[in-house]
Amino acid sequence: HDGTFGFDDRQGLLLFPGLALELSAARGPLHSAISVRGYPSLGSMSAASFDYASIAILGVRSKTVLEREGYFYGYGFTHRAEAEVGLEPFALRGELAYAWLSSIEGLDRAQELVNYDVHLSETALEYGASAWLVPEGFPLQLGLSFEVRRRFSEEPAAKRVVGGRRVLANMGLRL
């Protein structure tokens with residue numbers, strides 16, 4: 001399950017209505033914008049700290065999806081902030097995303113078999129910066145991005161921090 005960043009970063013979050021603030025300004029070729037959002041969330045996230053071998057004892061059962069697939073279901077919050085400043089045709093952008101999920105205790109399709117319900121907590125932190133060339137009247141925009149992802153994973157018996165960085169060349173189509 002190792003992904004682009006070298007660790008399992010599966011997330012499937014349902015975001016409920018939340019709060020958002022957006023501000024933007026432009027004066028001639030100079031423009032800027034900022035947005036901040038926060039949402040309650042429900043969903044699933046991979047559990048980097050969970051090691052099935054540590055509870056692989058005859059008669060001990062945790063949640064089925066955690067044992068088999070290495071992720072859990074939970075509830076939490078997701079926050080996102082973005083900023084951009086530009087002088088046409090150039091723009092600099094920054095992003096920050098934070099998601100926290102705490103496991104829902106006791107929910108499993110084979111609940112009668114669960115006798116060790118591991119409480120898990122996962123925090124996903126992502127941030128990055130990018131530079132863009134967005135020529136007026138041209139349908140393509142070109143960019144170069146630097147991204148960092150960190151996962152802070154915690155269960156009663158273990159804590160783990162994993163992460164990675166990457167540089168991307170981007171091309172987008174403007175309609």
Scanning both residues in full, the closest heavy-atom pair of Gly74 with Leu42 reads O-CD1, 3.2 Å
Could you measure the distance from the OG atom of Ser121 to the CD atom of Glu154? Nearest 0.5 Å is fine. 6.0 Å
For a side chain to side chain contact (heavy atoms under 4.5 Å, CB included) with Leu140, tell me which candidate from Leu133, Leu173, Val134 qualifies. Leu173
Are side-chain N/O atoms of Arg80 and Thr78 paired as donor and acceptor at under 3.5 Å? no
Which atoms form the tightest heavy-atom contact between Tyr39 and Phe16, and what is the distance? CD2-O, 3.3 Å
Asn170 side, atom CG; Leu142 side, atom CG - distance, nearest 0.5 Å: 9.0 Å
Approximate separation, where rounding is to 0.5 Å, of Leu101 CG and Phe77 CZ: 11.0 Å
Kindly check if the number of other-residue, nucleotide or ligand heavy atoms within 6.0 Å of CG (Leu23) is above 12? yes
Examine Tyr127 and Val36 and state if one hydrophobic cluster contains both, with Ile, Leu, Val, Met, Phe, Trp and Tyr joined whenever side-chain heavy atoms are less than 4.5 Å apart. no
Which heavy atom of Gly38 sits nearest to which heavy atom of His79, and what is that distance? CA-ND1, 3.8 Å
Value for OG (Ser102) from CG (Leu120), rounded to nearest 0.5 Å, stands at 8.5 Å
Specify the closest pair of heavy atoms between Ala20 and Arg37, including all atoms of both residues, with the distance to one decimal. CB-CG, 3.8 Å
Atom of Leu125, atom of Leu96 and distance for their closest heavy-atom approach: CD1-CD1, 3.7 Å
Nearest-0.5 Å distance, OG of residue Ser130 to CG of residue Leu92: 8.0 Å
His31/Glu84 under side-chain hydrogen bond (donor to acceptor under 3.5 Å, both in side chains): CA gap, chis, key distance, verdict: CA-CA 8 Å; His31 69 276; Glu84 179 177 325; 2.9 Å; yes
Knowing that exactly one of Ser103, Ser44, Ser153 qualifies, which makes a side chain to side chain donor-acceptor pair (under 3.5 Å) with Glu122? Ser153
For the student: nearest non-hydrogen atoms of Pro40 and Pro17, plus distance: CD-O, 3.6 Å
Classify the ring geometry of Tyr75 against Trp100: parallel below 30°, tilted from 30° to 60°, perpendicular beyond 60°. perpendicular
Hydrophobic cluster membership, with links at side-chain heavy-atom distances under 4.5 Å among I/L/V/M/F/W/Y: are Leu30 and Trp132 in one? no
